[in-house]
Participant: 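Before anything else, here's the structure in question.
Just so you know, these numbers use all the heavy atoms, side chains as well, and skip hydrogens, waters and symmetry mates. Numbering starts at 1 and runs along the sequence shown.
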Amino acid sequence: MKRFLVLDSFRGLCALAVIVHHSHAVQSFTELAFFRHANYLVNFFFVLSGFVLYHIYADRLGTGAQFKRFVIARICRLYPLHLATLIVALLFECLKLVIEQRGMSFSVASFTGAKAPSEILPNLLLLQSWWSGFNQMSFNFPSWSISVEFYLYLIFALIAAGLPGASRQIFAGIAVLAFLALYFNSGLFSEGALIGLGCFFSGIMTYRLYDRFKDLHMSTRWATLLEALGLITVYLAVTYSEPSQNISLSLLFCVIIGLYAFEAGWLSTLLRTAFFKWAGVLSFSIYMTHTIVLFMVSMVLMALAKVTGLPLLIDVPSEIPDVVIRYINTGSILMNNLVMAVSVVLVLLLSMLTHRYIELPGIELGKLWGRKVADKGDARGAESRI
């Protein structure tokens with residue numbers, strides 16, 4: 001089965017861009033317009049998940065055993081790292097509480113607001129993004145999209161296994177209805193859940209369109225031109241995006257994923273090189289662990305500020321009322337950029353560790369557990385035939 005290496009590389013690049021989006025340093029590369037709007041790249045993750053999952057599992061969910069193995073694989077793929085980062089986020093809140101008792105303050109007090117104790121259970125159950133009564137940005141806030149994605153997997157598998165004859169029409173209908181609900185600001189689900197539903201099932205329809213034309217031959221030059229135009233369009237669309245452009249950008253991401261799935265141009269060749277593939281492999285860890293590193297960097301700067309008396313961190317009012325953003329400000333543009341560059345390197349180093357010691361063991365656990373389920377199913381089948 002084909003593996004879309006170029007699309008994996010894009011996943012890594014998007015994860016790196018999200019790191020920068022969640023970072024703030026005065027007059028640094030973090031303040032470039034593209035990175036300030038890079039939150040929209042999470043939509044790319046959703047579209048790509050629908051595209052890849054349909055490619056792998058469209059014809060592999062026909063039996064109960066296959067459905068169980070799918071669910072087990074998805075749980076073991078997502079939950080171990082989610083749980084690990086949630087535990088670390090809770091430990092950080094405990095550390096903040098201790099530091100606050102020693103006279104240092106944070107922009108948000110420990111265990112309050114989005115990180116109140118009442119938000120722990122929704123995070124454990126990955127429900128924080130599905131009901132407006134929960135705060136989807138609580139604790140390790142990038143996990144809001146994992147909350148959405150996990151249940152998207154279940155919805156996809158239930159429809160594919162339970163209604164195989166009508167699944168394609170249902171997938172298309174969900175995508176259309178989700179985008180309509182998003183456009184009209186429906187309160188049926190949270191905005192994050194509607195974005196996920198629209199993007200994921202649009203990704204499935206994108207794969208169906210790609211599959212129909214996958215044997216189409218494009219010359220390398222024409223493919224390269226289209227790939228370059230696609231990237232330029234994404235850069236401009238994200239850089240100059242206005243609020244609530246989720247639908248238009250999501251549809252643009254469908255086009256880009258469909259185009260790069262052919263892997264026909266020189267840019268695709270570049271994206272298949274070692275560094276980009278490596279970033280793709282680490283993408284999930286990058287996305288889930290980067291807030292841990294950013295918090296640690298802030299803690300170090302707070303300690304240095306207290307020792308030196310320098311205002312290394314400043315609070316700047318955001319566009320959202322009553323919300324402030326903490327910026328790094330060393331007093332030097334060069335140092336601000338250097339701190340952010342070091343932060344990105346630290347995220348990559350931590351991601352290598354979490355990928356090796358949390359992600360990969362989780363994947364292996366899923367395979368072992370899934371094989372046991374399949375073996376039990378085969379044994380029961382053999383007994384019924386005796």
Side-chain angles (χ1 to χ4, degrees), residues 15-32 35-36 38 81-117 119-120 123 135 137-143 282 285-318 320 322-354 357-358:
L16 290 170
V18 170
I19 297 176
V20 182
H21 170 72
H22 288 146
S23 307
H24 300 279
V26 174
Q27 294 183 303
S28 73
F29 60 87
T30 66
E31 303 313 294
L32 295 174
F35 292 122
R36 293 279 47 87
L81 187 54
H82 163 68
L83 180 61
T85 54
L86 175 59
I87 291 171
V88 171
L90 289 169
L91 290 174
F92 278 156
E93 288 303 298
C94 294
L95 178 61
K96 283 174 62 176
L97 181 62
V98 172
I99 292 173
E100 286 167 347
Q101 293 173 345
R102 295 178 179 271
M104 294 178 67
S105 63
F106 297 84
S107 56
V108 178
S110 60
F111 289 111
T112 60
K115 298 180 180 179
E119 298 294 337
I120 296 174
N123 274 267
N135 193 316
M137 303 306 286
S138 55
F139 297 107
N140 186 38
F141 59 84
S143 66
L282 296 181
S285 277
I286 291 170
Y287 182 72
M288 290 296 288
T289 64
H290 72 273
T291 55
I292 295 172
V293 172
L294 296 180
F295 182 82
M296 291 172 63
V297 170
S298 293
M299 294 291 291
V300 170
L301 290 174
M302 284 183 65
L304 287 174
K306 190 164 186 178
V307 171
T308 63
L310 298 173
L312 300 178
L313 294 168
I314 59 173
D315 291 335
V316 178
S318 72
I320 304 173
D322 302 321
V323 174
V324 297
I325 300 174
R326 183 152 286 187
Y327 274 77
I328 294 170
N329 183 25
T330 65
S332 163
I333 295 175
L334 177 62
M335 282 301 299
N336 289 345
N337 280 283
L338 181 60
V339 169
M340 292 319 310
V342 169
S343 298
V344 173
V345 172
L346 291 174
V347 171
L348 291 173
L349 292 174
L350 177 59
S351 298
M352 291 170 64
L353 294 175
T354 55
Y357 294 109
I358 299 177

Participant: According to salt bridge (Lys or Arg N to Asp or Glu O under 4.0 Å), who are the partners of E119, at least two apart in sequence or on a separate chain?
Facilitator: none
Participant: Looking at CG of N123 and OG of S138, how far apart are the two atoms once the value is rounded to the nearest 0.5 Å?
Facilitator: 3.5 Å
Participant: Could you report the tightest heavy-atom contact between A17 and A38, atom names first, then the distance?
Facilitator: O-CB, 3.9 Å
Participant: Can you list everything that forms a ring pair (Phe, Tyr, Trp, His ring centres under 6.0 Å) with H21? Sequence neighbours excluded, please.
Facilitator: none
Participant: Looking at every heavy atom in both T30 and F35, which two are closest together, and how far apart are they?
Facilitator: O-CB, 3.9 Å
Participant: Suppose we screen for side chain to side chain contact (heavy atoms under 4.5 Å, CB included). Which residues come up paired with S332, at least two apart in sequence or across chains?
Facilitator: T330, L334, M335
Participant: Just to verify, what does E31 make a side chain to side chain contact (heavy atoms under 4.5 Å, CB included) with, not counting sequence neighbours?
Facilitator: H24, R36, Y327
Participant: Report all side-chain donor-acceptor pairs from residues 296-311 shorter than 3.5 Å, counting only partners two or more places apart or in another chain.
Facilitator:
from, atom 1, to, atom 2, distance (Å)
S298, OG, L294, O, 3.1
T308, OG1, L304, O, 2.7
T308, OG1, L310, N, 3.2

Participant: Just jot down the side chain to side chain contact (heavy atoms under 4.5 Å, CB included) partners of L97, sequence neighbours excluded, or say none.
Facilitator: E100, Q101, S110
Participant: Which atom pair, heavy atoms only, marks the closest approach of L282 to S351?
Facilitator: CD2-O, 3.8 Å
Participant: With sequence neighbours excluded, tell me which residues meet side-chain hydrogen bond (donor to acceptor under 3.5 Å, both in side chains) with H290.
Facilitator: H22
Participant: Extract all donor-acceptor atom pairs below 3.5 Å that involve side chains of residues 340-349 and protein atoms in other chains or at least two apart in sequence.
Facilitator:
from, atom 1, to, atom 2, distance (Å)
S343, OG, V339, O, 2.8

Participant: Would you say L312 and N329 make side-chain contact, with heavy atoms under 4.5 Å?
Facilitator: no
Participant: Once side chain to side chain contact (heavy atoms under 4.5 Å, CB included) is applied, do any residues pair with A89, and if so which ones, sequence neighbours excluded?
Facilitator: F139, N140
Participant: Hey, what do you get for CD1 (I325) to CG (D315), rounding to the nearest 0.5 Å?
Facilitator: 10.0 Å
Participant: Could you give the distance from CG (L350) to OG (S285), rounded to the nearest 0.5 Å?
Facilitator: 7.5 Å
Participant: Is there side-chain contact between I314 and V26, with heavy atoms separated by less than 4.5 Å?
Facilitator: yes
Participant: To the nearest 0.5 Å, tell me how far L338 CG sits from I333 CD1.
Facilitator: 13.5 Å
Participant: Quick one: side-chain hydrogen bond (donor to acceptor under 3.5 Å, both in side chains) partners of T112, sequence neighbours excluded?
Facilitator: none
Participant: Ring pair (Phe, Tyr, Trp, His ring centres under 6.0 Å) with F111: which residues, sequence neighbours excluded?
Facilitator: none
Participant: Between G331 and N336, what is the shortest heavy-atom contact and its length?
Facilitator: N-OD1, 4.3 Å
